[in-house]
Engineer: 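For reference, the structure I am asking about is given below.
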Amino acid sequence: MIDLKRLRAAPDEVRAALARRGEPAVLTLLQELERLDERRRSIAGALDALKAERNAAAREDARHVKAGGTLPPEVLVERRALGEQISEREAALRDVEAEMAGKALYVPNVPLPELPDGDASNNRTVRVWGDPRPPAATLRPHWEIGERLGILDLARGAKIAGSGFPVFFGAGARLVRALVAFMIDLHVREHGYREVEPPFVVTRASMQGTGQVPKFEDDAYRTVPDDLFLVPTAEVPVTNLHRDEILDGASLPFGYVAYTPCFRREAGAAGRDTRGLLRVHQFDKVELVRFTRPDESPAEHERLTDHAAAVLRALELPYRVVLLAAGDVGFASAKTYDLEAWAPGVGQWLEVSSSSTFTDFQARRASIRYRARAGDKPALVHTLNASGVALPRTIAALLETGQQSDGSVVLPAALVPYFGADRLNPPGGP
RNA sequence: GGAGGGCUGGCCGAAUGGCUAAGGCACCGGUCUUGAAAACCGGCGGGCGCAAGCCCUUACAGGUUCGAAUCCUGUGCCCUCCGCCA
């Protein structure tokens with residue numbers, strides 16, 4: 001959520017920074033918020049004064065009654081009038097605060113200055129790792145490899161749940177399980193994350209805390225009688241672990257690694273990337289979530305991004321790191337690096353991880369604070385997260401990268417202890 | 001799904017319509033000490049404010065009242081038992 005104090009103190013700076021997102025509606029929202037904020041402060045000030053008056057009168061009356069006196073009718077009339085004034089202003093304050101909350105929840109995070117200007121076409125590749133295998137007519141796309149190996153069945157998934165719900169069979173299912181275990185172990189052992197298995201459904205309050213709701217409610221699957229949401233990413237349950245908490249500053253920074261399935265309706269993405277595993281409604285993902293002090297978050301973001309990239313290096317998948325432009329970063333993010341793995345069969349870089357710092361945006365919405373030292377005032381933490389990494393596109397890159405002319409697929413050495421073999425063989429093969 | 005009990009600060013726990021929500025534990029700072037412990041002093045929910053100070057806070061949201069932790073209504077969560085169940 002936007003920092004109203006900052007908006008009040010430096011309105012031009014906030015406006016200019018948000019304008020870089022390229023959404024004129026946001027600037028209108030800002031104007032309305034500034035007007036409401038002024039109104040709220042004036043009502044709250046008057047209300048405080050009235051309450052102070054009532055509290056003083058109540059103290060005095062109590063003393064009087066305790067001493068055996070009674071309150072004369074004219075005093076009661078006076079007190080009642082005071083009470084009515086307070087009620088009226090409380091109602092006015094409630095109204096203006098509700099209106100503000102309704103608007104503030106739709107204001108995106110302020111992009112950091114180092115982001116390139118412009119839309120997605122201005123995204124900047126900051127580094128490339130590995131040697132991307134050049135596309136060739138002999139290289140097959142992952143859906144052909146997967147179906148030929150008998151490990152991927154898109155048609156049956158569509159039959160039982162609709163398109164975008166893949167089914168993995170046999171070695172494919174085992175590969176999914178191996179990848180999840182491999183990634184979690186890597187992050188726990190090498191990068192110091194604490195493993196957590198959270199609920200796979202969350203309340204509306206949790207979705208609001210991380211920014212998926214109210215603006216993007218249509219992108220999520222929602223259960224009707226209970227108003228619970230299927231998690232679109234482990235970011236939601238894991239970040240909300242500490243909602244409404246004040247963390248011990250000495251414990252920062254720390255991170256969680258969590259596996260969850262992810263459910264996304266992909267409303268508005270219909271027709272894009274529909275082949276194979278490139279865009280699906282349910283997928284598995286290992287997610288990294290970090291909580292830091294504000295001064296540490298830029299360095300933590302770089303570290304976090306490299307924790308995700310370490311997975312791709314271990315899997316021997318060439319990848320590139322892309323810094324998103326101000327017009328392309330997500331609603332809650334202040335800065336995002338996408339990690340894209342090279343998939344030679346489709347000849348595309350596939351986004352397998354998105355590594356973002358949310359600065360204090362989620363922390364303010366979810367009220368996640370820390371106390372630097374005993375006695376200090378609580379301050380907002382910074383939250384960050386990165387996929388570490390998402391499975392379907394990683395599997396696509398693995399299949400397309402490891403494919404051999406005999407129809408088998410060679411797997412990276414790091415997976416062998418988890419998968420139990422160094423390659424996927426076609427049915428009937430060796 | 002049904003019945004009952006409960007929810008006060010990091011933890012325990014008092015206050016049943018009235019002055020500043022007791023007290024203890026834990027924790028932090030200080031005095032003392034070679035050091036530590038003990039003892040003693042101070043601090044120890046949140047917001048606004050340069051400050052003085054003001055406001056809010058007894059799970060949450062409403063209501064009654066001159067005045068609510070306390071009375072009323074609704075909601076959430078926890079516990080116990082019954083039923084069902086992997």
Side-chain angles (χ1 to χ4, degrees), chain A residues 1-10 33-34 36-102 104-105 197-209 213 222-229 237 240-252 254 261 291 360 363-381:
Chain A
M1 198 151 51
I2 184 156
D3 180 359
L4 286 170
K5 272 195 238 174
R6 183 176 166 196
L7 178 61
R8 209 181 298 138
L33 273 176
E34 286 179 271
L36 288 167
D37 183 46
E38 200 177 326
R39 183 165 153 66
R40 183 190 67 81
R41 285 163 57 79
S42 123
I43 294 171
L47 183 61
D48 264 19
L50 287 170
K51 280 182 171 174
E53 195 180 325
R54 179 179 66 181
N55 288 346
R59 262 195 299 273
E60 198 180 309
D61 291 351
R63 209 165 13 237
H64 184 63
V65 170
K66 257 286 167 74
T70 52
L71 298 175
E74 62 269 23
V75 168
L76 288 184
V77 167
E78 206 175 291
R79 302 288 188 258
R80 208 170 287 134
L82 185 58
E84 275 163 20
Q85 281 187 66
I86 288 172
S87 295
E88 279 168 25
R89 281 176 170 77
E90 276 180 334
L93 186 66
R94 252 202 306 278
D95 287 350
V96 79
E97 282 183 340
E99 198 180 349
M100 284 180 80
L105 289 172
E197 167 129 338
F200 296 167
V201 295
V202 292
T203 59
R204 178 173 292 275
S206 294
M207 289 287 273
Q208 183 173 299
V213 150
R222 184 167 70 93
T223 69
V224 170
D226 301 309
D227 202 33
L228 291 171
F229 293 81
N240 278 281
L241 283 174
H242 295 299
R243 175 154 48 89
D244 296 322
E245 289 186 12
I246 298 173
L247 304 172
D248 176 6
S251 70
L252 300 173
F254 65 90
F291 298 80
D360 61 13
R364 186 173 289 106
R365 284 170 90 104
S367 186
I368 307 172
R369 294 175 293 176
Y370 76 103
R371 204 187 303 276
R373 280 180 306 278
D376 280 9
K377 289 221 158 219
L380 294 168
V381 301

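Since the structure is predicted, the reported quantities are computational estimates derived from the model, not experimental observations. Letters A, B, ... are given to chains in the order of the sequence lines, protein chains preceding strands, and every chain is numbered from 1.
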Engineer: What pairs of donor and acceptor atoms, side-chain ones from residues 74-90 of chain A against any protein atom, are under 3.5 angstrom apart with sequence neighbours left out?
Structural biologist:
unit_1	atom_1	unit_2	atom_2	d
R79(A)	NE	D61(A)	OD2	2.7
R79(A)	NH2	D61(A)	OD1	2.9
S87(A)	OG	G83(A)	O	3.1
E90(A)	OE2	K51(A)	NZ	3.4

Engineer: Specify the residues of residues 40-52 of chain A, ordered by number, for which at least one heavy atom lies under 4.0 angstrom from an atom of RNA chain B.
Structural biologist: D48(A), K51(A), A52(A)

Engineer: Should R94(A) be listed as having a side-chain N or O under 4.0 Å from OP1 or OP2 of G62(B)?
Structural biologist: yes

Engineer: With a 3.5 angstrom cut-off on both distances, give the Watson-Crick or G-U wobble partner of A59(B), or none if there isn't one.
Structural biologist: U75(B)

Engineer: Can you find a side chain N or O atom of N55(A) that sits less than 4.0 Å from OP1 or OP2 on G67(B)?
Structural biologist: no

Engineer: Just so I know, are the side chains of M100(A) and D37(A) near enough to count as touching, which here means a heavy-atom distance under 4.5 Å?
Structural biologist: yes

Engineer: What does C48(B) pair with, Watson-Crick or G-U, if both distances are under 3.5 Å?
Structural biologist: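 By the stated definition (distances under 3.5 Å), G53(B) pairs with C48(B).
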
Engineer: What is the minimum heavy-atom distance between Y370(A) and G249(A), and which atoms define it?
Structural biologist: CD1-CA, 3.9 Å

Engineer: With rounding to the nearest 0.5 angstrom, report the CD1 to CG distance, I2(A) to L33(A).
Structural biologist: 7.0 Å

Engineer: Under a 4.0 Å N-O cut-off, is there an ion pair linking D248(A) with R371(A)?
Structural biologist: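 Salt bridge between D248(A) and R371(A), a charged N being under 4.0 Å from a carboxylate O: no.
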
Engineer: Has the side chain of D226(A) got a donor or acceptor atom that lies under 3.5 Å from a matching backbone atom of L228(A)?
Structural biologist: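 No.
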
Engineer: Measure across P198(A) and P237(A) and return the closest heavy-atom pair with its distance rounded to 0.1 Å.
Structural biologist: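 Minimum heavy-atom contact is CB-CB, 3.7 Å.
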
Engineer: So, N240(A) side chain and S206(A) main chain: donor-acceptor pair closer than 3.5 Å or not?
Structural biologist: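 Yes: the side chain of N240(A) pairs with the backbone of S206(A).
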
Engineer: Under a 3.5 Å cut-off for both contacts, is G23(B) paired Watson-Crick or G-U wobble with anything, and if yes, with which nucleotide?
Structural biologist: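 Its partner is C12(B) (Watson-Crick or G-U wobble, both distances under 3.5 Å).
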
Engineer: Where do N or O atoms of nucleotides 43-46 of chain B meet protein N or O atoms at under 3.5 Å, pair by pair?
Structural biologist:
unit_1	atom_1	unit_2	atom_2	d
G46(B)	OP1	R371(A)	NH1	2.9
G46(B)	OP1	R371(A)	NH2	3.1
G46(B)	O3'	R369(A)	NH1	3.2

